[in-house]
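This report refers to the structure that appears directly beneath it.
Throughout, a chain's letter reflects where its sequence line sits, starting with A, and its residues are numbered from 1. Since the structure is predicted, the reported quantities are computational estimates derived from the model, not experimental observations.
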Amino acid sequence: MTIGIATFINFRQSNFATVVASYQSYWPGQLVDAYSFYPFTCAAIVSNASGGQQTLSVDMAVSQPIVALIENGLTNSYFVELLFYQFVPTPTGAPPPSKILFASYIGELISASQNETTITIQVGSSLNPVEAQAPPRKFTTTLIGEPPKV
Amino acid sequence: MTSNPNYIAPQSASAPITTNLRKDELAALNTVDQGATAQQRVVAIGNSIPLVFCRFVNNVGGAWVTPPAARYGLQLTESASNSFSFGLVLSDGQVPAVAASDIYKGALSLGSLISPNAVTTFDGLATTGFDYSLTYTTAGTPGTPGTPGSFTDTTLTASGASVSSVFSASYANVKSASISLQFQGRVATTLAYEAVAGNATISHSSFGVSQQFFSVTTVSLTVPGPFGGTSTLSISSGVDAAALNPRYVSYRVVYNISYVTSVFTPGTPATPGTPGVTSNLLLFAGSGGSFAGMTTLAVRGTYAASTDIDAVKQQVRCFIRNGVIVSRVLGGTDSSDSFPDLVNYLLTRASSASSSLIDLPSLQAAEYFTSSYGLRFNGVVANSVNLRDYFSRVSPFFLLRFVQINGKFGLKPVLPLLSDYSLSLLPIVPAFTFNDNNIVAGSFQKQYISTSDRKPFCALMTWRSQSTAFFGVPQTTEVRYAGTAVNGPFEQYDMEEFCTTADHAAFVGKYIIASRKHVTHTVSFQTTEFTSNLVPTDIVRVTWDYGSSFALGEATSVLYQVDSVSEGADGVFRVEATHFPTTATGASQVAFDMFNII
């Protein structure tokens, strides 16, 4: 039996509730469950017990709307949601009436790079080595003024 | 050979002694007590703001801290008492007020000092009543007391008789006088005097003192104080003298007078001393700052003049019963000693992770589990460390794994639980079974764990022993299988940062040595089987048929604990898992040993 796997992607505002853009990469030119087609691929989703993967990369074809979306997302800390669906392809190639979600990933849009054809985004969390420190704050001049000299 | 992914890493061998520790690492070392009489340390720009995370419940928990000073006031004097006022940074976030009885200065309770005071403030630093200045006052010159004047006495006497009704004389510097008077009347028939009764008055003109006397009487007239100049003693005839019996033709007064004259020599006056001079010390007490979002503790007190001046500069330390107030994973806001609460707090505060990226149900389950076994976090997070590394390193000491599932961060127990969140000693039901039919051919790999990792050893579990009166000191609980590794080897596991009970340390130690003994290998494979619900720490069964022309019907069926699941768009799942040893009944061998063997 042939199994199809489709990847869906949502860009969400920092409040998480508002979806800014939604794409699927399997059915060209079709709107599937409010997801329009856009060519992109993504790496594997890893769930593990050693702190998790640092980032997940998504390659998207370069276009002005996508570049604008990503630039806006980097500025406004968009969330990116990836959904992997498994389904049985229909003889006509049309989207099936049902499909099964077998993997998902939620992360923050944390960086991007671009060449002539592809814009690659890195999806992860701010739980990366630079930003996320425990304890979270440092003594600064703003916070404690000029410290004693004794 | 490989290493057991479930291993809890022991404390590594010490690095060569170096002074090149990171700046905030040095600061972190000073956050815990270095001794009761160390000098008060001060904040340093760039160091981490410590986070006090603890809760004192049923006489267990809490944390001792030695907060750094952002204000350092000393008022030293050469001859009188010495005072201090320190503005200390207690913790990032909001910490409930610290009772004065939980605050110590050097070896003394704050309450034993003169005029002690302590004020806990969130979002600021108390200034009223706290003198954050650095001054030194010299002793000055003491004054000299005056000397009193004195008298040189001379006693004089006089006697005589007079018919006059008035006796008058002048005396200088009379201090006291004693006068004896007697009326005598001349009887007409005999012309002889005889003593008769009568009254007269003696008076002292300088003082207006008078005393009436009767007949043959000695009257003492005491001058009340020294005086100079001249005064007069006079004796009047008195009322009764004028009414003498007619048979007396005349009368006279016979007197004997004794008086003391005194020459007064003035004393010397007191001379005032010169006051001490106060000057500012050539030090800086600190200034400015908003103290936003942190809790400060202003402390003041005065030492008696006889106290060693170094004592004034000693470190303030305090026992924090209730640490930073956080949103608890089970609801409400309060101080907490829950590791899942700490994870939730740091994820949201340190990384600003959206709640959408936090697997709250897993944190809640972890909280129920850790609570049921008394695995609590009471400590100070002071050493700047990457959050992901920190959670991964500390979670196993609560028998948890810090996991990322579908992008969300959470905590999962290292061993299967029952519905009441206790460790399961029942036969394990695997979440999924893999076999030759759904494992991609050629993808199965089995790695045996190095024998050096499986040798019997003694786990030295270091934890922190403390009370409300004494700051924490490390204690070690030895955990080993009976009769093994009596003389080592030893592996040290440092839980001093957060563990305050021997039971907690021993519980984790049992897990460590049991898992090290029984876990023998790891596996990895790929599968096309639908495994979307598989998450790290799940238990799966792998049944593998070794059947071949010379090994007929040979197969194994082993349980594994999932370490990692990779789900790609190619539809192939990649699973990495660690051997999960079981008893004959199918229960967790590690859990069985923890409760029954070790």
Original post:
Roughly how far, to the nearest 0.5 Å, is OG1 of A:Thr140 from CD1 of B:Ile49?
Top reply: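 So the CD1 of B:Ile49 and the OG1 of A:Thr140 are separated by 7.0 Å.
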
Subject >> Atom pair CD1 (A:Ile106) and CD1 (B:Ile358), whose distance is rounded to the nearest 0.5 Å >> reply: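 Result: 11.5 Å between the selected atoms.
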
Part of [X] lying under 4.5 Å from any heavy atom of chain A:
X: B:Val89; value: side chain
X: B:Arg71; value: both
X: B:Ala285; value: backbone

**OP:** Report the option among A:Arg12, A:Glu146, A:Glu81 that has the most heavy-atom pairs separated by less than 4.5 Å from atoms of chain B.
**Re:**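 Of A:Arg12, A:Glu146, A:Glu81, A:Glu146 has the most heavy-atom pairs under 4.5 Å with chain B.
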
Subject >> Contact winner vs chain B - A:Ile5, A:Leu82, A:Ile144, heavy-atom pairs under 4.5 Å >> reply: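 Most heavy-atom pairs under 4.5 Å with chain B: A:Ile144.
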
Original post:
Any side-chain heavy atom of B:Phe284 sitting closer than 4.5 Å to one from A:Val150?
Top reply: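 The answer is no; the side chains never approach within 4.5 Å.
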
Original post:
So do the side chains of A:Pro148 and B:Val43 get within less than 4.5 Å of each other, counting heavy atoms only?
Top reply: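 SC-SC contact between A:Pro148 and B:Val43 confirmed.
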
Original post:
When only pairs under 4.5 Å are counted, which of B:Ser287, B:Pro68, B:Ala69, B:Gly410 shares the most heavy-atom pairs with chain A?
Top reply: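 That would be B:Ser287.
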
Please give me the minimum heavy-atom distance between [X] and [Y], naming the atom from each residue.
X: B:Leu346; Y: A:Pro136; value: CD2-CD, 4.1 Å
X: A:Phe139; Y: B:Pro50; value: CZ-CD, 4.0 Å
X: B:Arg349; Y: A:Arg137; value: NH2-NE, 3.5 Å

